[in-house]
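Below: one structure, written as structure tokens.
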Amino acid sequence: MSASVLFVCLGNICRSPLAEAALRAEAERAGLSVTVDSAGTGDWHVGSPPDRRAQAVALRHGIDISGYRGRQVTAGDFRRFDHVFALDAENLKNLRRIQPSDGTADVRLLMDLVPGREGSGVTDPYFGDDAGFDMTWDDVTRAARAIVERLRERG
């Protein structure tokens, strides 16, 4: 069984690439086949690598994301992916606004999968210090584990 997951934040250089990396790692550990990508609702960082602080936190966990490149979410993503996860409520609102009528993806807030975190977003660490990126990593790793568990249950 295979699934496809897209993570979406604002610029696609902090939270969503970390979520992509976390799910890739968790799925690999679990032996699951999952197509994973990330995108942003904005276009400011299209073609740019992840923020250096996001790269650093991923490397501390043994994952190199330096080759990732920012991209903007497209209408086709809602047909290409089974699941589209927004990393906060504002991006969820934007996704629902641009989702085409023929989109088949399940669109929801990522942290709704984590018990006790329903309705909350992954904090945007962009304007903060390195500690914010560690908090983001913790959030997206917890969510990635929840996704893997759900895929195992379905599988």
Side-chain angles (χ1 to χ4, degrees), residues 1-28 30 32-55 57-58 63-114 117-127 132-133 135-137 139-155:
M1 140 146 198
S2 181
S4 56
V5 176
L6 178 67
F7 296 105
V8 181
C9 67
L10 188 59
N12 193 214
I13 60 166
C14 296
R15 295 174 291 171
S16 57
L18 287 175
E20 176 183 352
L23 182 55
R24 286 180 188 274
E26 291 298 324
E28 184 177 326
L32 295 175
S33 173
V34 182
T35 299
V36 187
D37 198 2
S38 61
T41 55
D43 64 358
W44 310 277
H45 301 292
V46 170
S48 297
D51 183 286
R52 64 172 177 71
R53 298 164 295 174
Q55 291 184 49
V57 75
I63 303 167
D64 181 2
I65 63 170
S66 64
Y68 290 17
R69 291 295 176 263
R71 74 177 187 86
Q72 191 171 18
V73 68
T74 67
D77 288 328
F78 295 93
R79 293 180 291 274
R80 180 174 160 221
F81 292 93
D82 301 320
H83 306 279
V84 175
F85 290 110
L87 277 78
D88 63 40
E90 189 64 28
N91 282 297
L92 179 60
K93 185 171 91 175
N94 289 336
L95 286 170
R96 290 201 168 129
R97 182 179 48 77
I98 63 173
Q99 182 178 12
S101 59
D102 67 343
T104 56
D106 174 40
V107 180
R108 65 172 63 190
L109 191 62
L110 178 62
M111 295 309 287
D112 282 351
L113 301 177
V114 179
R117 292 293 306 275
E118 298 89 345
S120 69
V122 175
T123 302
D124 188 347
Y126 185 74
F127 292 106
F133 284 82
M135 289 172 38
T136 296
W137 179 259
D139 281 350
V140 298
T141 298
R142 290 175 64 200
R145 289 179 181 144
I147 291 169
V148 165
E149 189 58 38
R150 284 175 182 239
L151 292 174
R152 279 186 176 151
E153 289 171 1
R154 285 184 18 204

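Residues meeting the side-chain contact (heavy atoms from CB on, under 4.5 Å) test with Ala144, sequence neighbours left out: Ala22, Leu23, Glu26. A search for salt bridge (charged side-chain N to carboxylate O under 4.0 Å, His left out) contacts involving Arg71 returns Asp37, Asp77, not counting sequence neighbours. Partners of Arg53 by side-chain contact (heavy atoms from CB on, under 4.5 Å), not counting sequence neighbours, listed by chain and number: Asp51, Tyr126, Asp130, Phe133. In terms of the side chain to side chain donor-acceptor pair (under 3.5 Å) criterion, residue partners of Asp139 (sequence neighbours excluded) are, by chain and number, Arg117. For Ala89, there are no side-chain contact (heavy atoms from CB on, under 4.5 Å) partners at least two apart in sequence or on another chain. For Arg52, there are no salt bridge (charged side-chain N to carboxylate O under 4.0 Å, His left out) partners at least two apart in sequence or on another chain. Remark: Asp124 pairs with no residue by the side chain to side chain donor-acceptor pair (under 3.5 Å) rule, at least two apart or across chains. For Arg108, the salt bridge (charged side-chain N to carboxylate O under 4.0 Å, His left out) partners are Asp106, not counting sequence neighbours. Considering only residues two or more places apart in sequence or on other chains, Gln55 meets the side chain to side chain donor-acceptor pair (under 3.5 Å) condition with none of them. Judged as a side-chain contact (heavy atoms from CB on, under 4.5 Å), and not counting sequence neighbours, the contacts of Leu109 are Leu92, Asp112. Partners of Asp43 according to the salt bridge (charged side-chain N to carboxylate O under 4.0 Å, His left out) rule, which considers only residues two or more places apart in sequence or in another chain, do not exist here. Scored by the side chain to side chain donor-acceptor pair (under 3.5 Å) test, Thr123 finds no partners at all (sequence neighbours excluded).
Pairing each heavy atom of Cys14 with each of Pro125, the nearest pair is CB-CG, 4.1 Å. In this structure, Ser16 and Ala39 approach most closely via the heavy-atom pair OG-O, 3.4 Å. What you find for Leu87 and Cys9 is that their closest heavy atoms are CB-CB, 4.3 Å. Of all the heavy atoms in Glu20 and Ser38, the pair that sits closest is OE1-OG, 2.7 Å. Among all heavy-atom pairs drawn from His45 and Gly11, the shortest one is CB-O, 3.5 Å. Closest heavy-atom contact between Arg15 and Val140: O-CG1, 4.2 Å.
Between Ile147 and Phe85 there is a side-chain heavy-atom pair separated by less than 4.5 Å. A 4.5 Å side-chain heavy-atom check between Val5 and Asp82 finds every atom pair outside the cut-off. In this structure, His83 and Leu113 have side chains that are not in contact, with every pair of non-hydrogen atoms separated by 4.5 Å or more. Contact check for Phe7 versus Leu18: no side-chain heavy atoms found under the 4.5 Å cut-off. Using a 4.5 Å heavy-atom threshold, the side chains of Ser2 and Val34 count as separate.
How far CZ of Arg142 is from CH2 of Trp137: 14.5 Å, rounded to the nearest 0.5 Å. Interatomic distance, Asn94 CG to Arg96 CZ, rounded to the nearest 0.5 Å: 11.5 Å.
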Pair Val57-Thr136, side-chain contact (heavy atoms from CB on, under 4.5 Å): steps then yes or no: CA-CA 9 Å; Val57 75; Thr136 296; over 6 Å; no
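Between Arg150 and Glu153, no side-chain nitrogen of the basic residue sits less than 4.0 Å from a carboxylate oxygen of the acidic one, so the salt-bridge criterion is not met.
At most 12 heavy atoms of other shown residues, nucleotides or ligands fall within 6.0 angstrom of atom CD in Glu28.
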